[in-house]
Structures are given as structure tokens and as C-alpha cells.
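First comes the structure, then the notes that go with it.
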Amino acid sequence: MGSIHEDGWKLLKQHNFEVFEITNFENSFLKKELADVDGIALRTAKLNSEVLSSCKKLKIVSRHGVGYDNVDKKFLDNNKIALGITGTANAVTVAEHVISMFFYLIKKIHLSDKLTKAGKYKEKNSLEETFEIYNKNILIIGFGRIGRALAKRCLGFDSKVFVYDPYIKNSDVEKYNCQPINKEEGLKIADYISIHLPLNQKTKNFISDNEFSLVKKNLIIVNTARGGIINEKALALALKENRIAGAGIDVFEVEPPVINHPYFNLNNIVLSPHNAALTSECKKRMAIEVCKNIINFLTKNEELNFNNIVNSEILNLN
Ligand code: NAD
């Protein structure tokens, strides 16, 4: 569901699977088209229980990505349908997106470029102040695949990396040369924050008015995880009132965001259309991995990466 890099299709065809692509995501259409499929490679469209209950032969849904909040996991678990993710494909790519948002917001190269091309070289002192990442406190919230890839890169810039993730042992955080910290302390000391949590009941509005009342004025915050983890109204207000310095946002509570979204009038925010993982290299890796999950699962191939099957315990695969 949704188009993927051609190398994924090629792989499925090489293994004699019959494949077709769907770009109409209306429930009635999906129920008809998906009735006889064994596997689904799913991009960002919603796959709800109404549609899933009409897929009588379905054995695996493989997400092109790692988040799976667009599929009814409970239904899959109850019906022993596997849920795959492309766990090894996109961490580095998303981490690079975070770094590029940090640098866009602090180095403001776009403003320098504009000024220089306008022949205003001599007016460089009129440009906005710029800043460094060196020796700054970076708080990474959520220390899974992407959080760790980001930590490694930030340490490369000689930043001090703090981690809030109560599900990871302190010793495991320290192994990565990062310092574990609680949420409140982390918010208070951070110069930069990057969010790498799944979206669920516990993480919805994880950063909201209360959290913005604790942070430093120079804070740069980036969310490439899921919309709604940062409360959008609270962030827009904090930026508008210059209570924080800047934000980078790749994900929105409703996607695509509405045309008069409160972020759109702000100049201390940089936005991207949920494409943090969509580099040329990563699209190819994800397409291959999403299809490999399907092939290996359906053919019971021993090369199946169990770490990529989110509900492997429920399926008794381990
Ligand atoms: P992951 O599962 O490897 O890591 C998530 C981490 O969050 C885990 O270490 C977990 O312990 C921690 N966590 C869960 N609940 C928490 C809580 N309440 N408080 C603190 N920590 C908590 O996931 P990942 O691969 O690193 O992906 C992270 C997020 O990025 C996901 O939401 C995913 O959907 C999103 N993502 C977005 C893009 C994009 O294109 N923008 C691409 C890939 C992933």
C-alpha cells in the first residue's frame, strides 16, 4: 500500500510473488482489493480493523519504516498476523535529518547565502547571531535505534549527550558514552532536544506547556518521531513568544497539516513533510527490507530477521 523503490518489487517478483500496488486508501476499495493477499507492504496509509477483518488470507503486514501507529496492532496480534518493520534501514538517515535541522536553525546558512547572493557581503554583521553544537547539552528522548545513531553523531561534534529513556538500563546508556538523566532535569539543562519515541497513550503530548515552562531560552527542539508527541499549540506559542530559540518538525498531528497551521507563520521553525528517512539510499534499503520481511516470513526462510517482527512473541517465533 503506497509506492516503494522498484528494487523491492523486483525482489518479490524474483521470488515468484504476484504483486500489485494500491494508491486508493478508501476502506471499501481496500476491503475488496486486499481480500486475498498473503502479505502487505505498508507505507503511511491507515490499515484499520475493518479493512483487516476482510483480509482472509493475510499472514504479514510489513511496515516500510519502524513506526506502526497506522496499523491496528491489536487486531494483528489477536489474529496471529505478523507485523514487520524495516528496523535496520533508516536510523542513520533520520539521525542525519535531525543534525541538518539543528544546523539549519543555528548556522542559518540560508540567510548568509541570501545576503551574499544579493551582493550584500559587507552587511554580514547585520545577519542574525549564529551558534555552535560543540560542548552543548543535547537531550535525546528515546534511546532506541535512531536515538543511538543520533548520539553517536552528536558525540562526534564533541557535544555532551544526555538520554531520557526509563526503559533502557543506565549502564547501557553509559556504554554509548552518554549520561542517563530524568525528564525534568534533562529539560532544564538541554540546549538541544531531539525526540525519538513511539507515539502511544503515554507519549502523546509528552512535551507540552508544562515542559516548555522548564526549558532554557536558547533551546532548539526537533521532532522527527511522530506528530502529537510535542503538543502543537504549546510549541507554536513557545516559539511565537520566543520562550525557546527554534524548532525542527518533520511530523504532524494530522498529515498533511492544515493549510493555516500555526507553524506556518513562524520564522524560528523549520519544517519538512515527513521525509526524514526518504534519502535515495534509505528508500532503497527500506523497500528491500520491507519485501525481505514478507518473503522470508511467508517462505519460512531461516534468514528472517526476528528483530524486525514486532509481535514475534505472540506468534511464538522465538
Ligand atoms: P525504537 O523502538 O528503536 O526506540 C524507541 C525508544 O523509545 C525505545 O528505546 C523505548 O524504550 C523508548 N521509549 C518508549 N516509550 C518511552 C517513554 N514513555 N519515555 C521514554 N522513552 C520511551 O524506535 P526508533 O526506530 O528509534 O524510532 C523512533 C521514532 O521515530 C518512532 O516513533 C518512529 O515512528 C519514528 N520514525 C520517524 C521517521 C520519519 O520519517 N520521520 C522514520 C523512522 C522512524
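Order of appearance sets the numbers: ligands from 1, and atoms from 1 within every ligand.
Among Phe143, Tyr164, Tyr68, the residue whose heavy atom sits closest to atom 19 (N) of ligand 1 is Tyr164. Among Val251, Leu199, Ile249, Asp165, the residue whose heavy atom sits closest to atom 8 (C) of ligand 1 is Asp165. Distances from atom 30 (O) of ligand 1 to the heavy atoms of Ala95, Ala91, Ala225 put Ala225 nearest.
Looking at heavy atoms from C-beta onward, Leu34 lies in side-chain contact with Ile22 at the 4.5 angstrom threshold. Within the 4.5 Å cutoff, the side chain of Ile221 has heavy atoms near those of the Leu235 side chain. Side chains of Ile81 and Lys59 form no contact here, defined as non-hydrogen atoms less than 4.5 Å apart.
On a distance-only criterion, Asn90 and ligand 1 share no N/O pair closer than 3.5 Å. Checked against a 3.5 angstrom limit, the closest N/O atoms of Leu197 and ligand 1 fall inside it. Remark: ligand 1 and Arg226 share an N or O pair separated by less than 3.5 Å (distance only, no angle test). No N or O atom of Tyr167 sits closer than 3.5 Å to an N or O atom of ligand 1.
Atoms of ligand 1 found under 4.0 Å from any heavy atom of Thr224 (numbered from 1 in listed order, with element): 36 (N), 37 (C), 38 (C), 39 (C), 41 (N). Atoms of ligand 1 found under 4.0 Å from any heavy atom of His274 (numbered from 1 in listed order, with element): 39 (C), 40 (O), 41 (N). The distance from ligand 1 to the heavy atoms of Thr203 drops below 4.0 Å at these ligand atoms: 18 (N). Ligand-side atoms of ligand 1 in range of Pro166: 19 (N), 20 (C), 21 (N), range being under 4.0 angstrom from any heavy atom. Near Val94, the atoms of ligand 1 lying under 4.0 angstrom from a non-hydrogen atom of the residue are 42 (C), 43 (C).
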Is there a side chain to side chain donor-acceptor pair (under 3.5 Å) between Asp72 and Asn48 once you walk through the steps?
-> CA-CA 5 Å; Asp72 189 329; Asn48 58 29; over 6 Å; no
Taking it one step at a time, do Glu303 and Asn296 satisfy side chain to side chain donor-acceptor pair (under 3.5 Å)?
-> CA-CA 7 Å; Glu303 281 177 24; Asn296 290 340; 4.9 Å; no
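The backbone N or O of Asp250 lies less than 3.5 Å from no partner atom in the side chain of Thr224, so there is not a single donor-acceptor pair.
Using a cut-off of 4.0 Å between Lys/Arg side-chain N and Asp/Glu carboxylate O, Glu289 and Arg285 are scored as not salt-bridged. Lys56 has no carboxylate O lying under 4.0 Å from a charged side-chain N of Asp36, or vice versa, which leaves the two without a salt bridge. Ion pair Glu253/Lys204 flagged as a salt bridge, since at least one NZ, NE, NH1 or NH2 atom sits closer than 4.0 Å to an Asp/Glu carboxylate oxygen. Between Asp77 and Lys74 there is no salt bridge, since none of the side-chain N atoms of the basic residue sits less than 4.0 Å from a carboxylate O of the acidic one.
Cation-pi geometry between Lys108 and Phe131 is not met at under 6.0 angstrom from the ring centre and within 45 degrees of the axis.
Scanning the protein for heavy atoms near atom 14 (C) of ligand 1, the closest one is Pro198 CD, 3.5 Å. Protein heavy atom nearest atom 33 (C) of ligand 1, with residue, atom name and distance: Val66 CG2, 3.8 Å. With hydrogens left out, the protein atom closest to atom 3 (O) of ligand 1 is Arg145 N, 2.9 Å, a heavy atom. The protein heavy atom nearest to atom 4 (O) of ligand 1 is Gly144 CA, 3.2 Å. At the shortest separation from atom 28 (C) of ligand 1 among protein heavy atoms lies His196 O, 3.5 Å.
Neither the backbone nor the side chain of Ile141 comes within contact range of ligand 1; no heavy atom lies under 4.0 Å. Heavy atoms of Ile146 found under 4.0 angstrom from ligand 1 belong to the backbone as well as the side chain.
In Glu241, the CD atom is crowded: over 12 heavy atoms of neighbouring residues, nucleotides or ligands sit closer than 6.0 Å.
Heavy atoms of Gly65 come nearer than 4.0 angstrom to ligand 1 in no pair at all.
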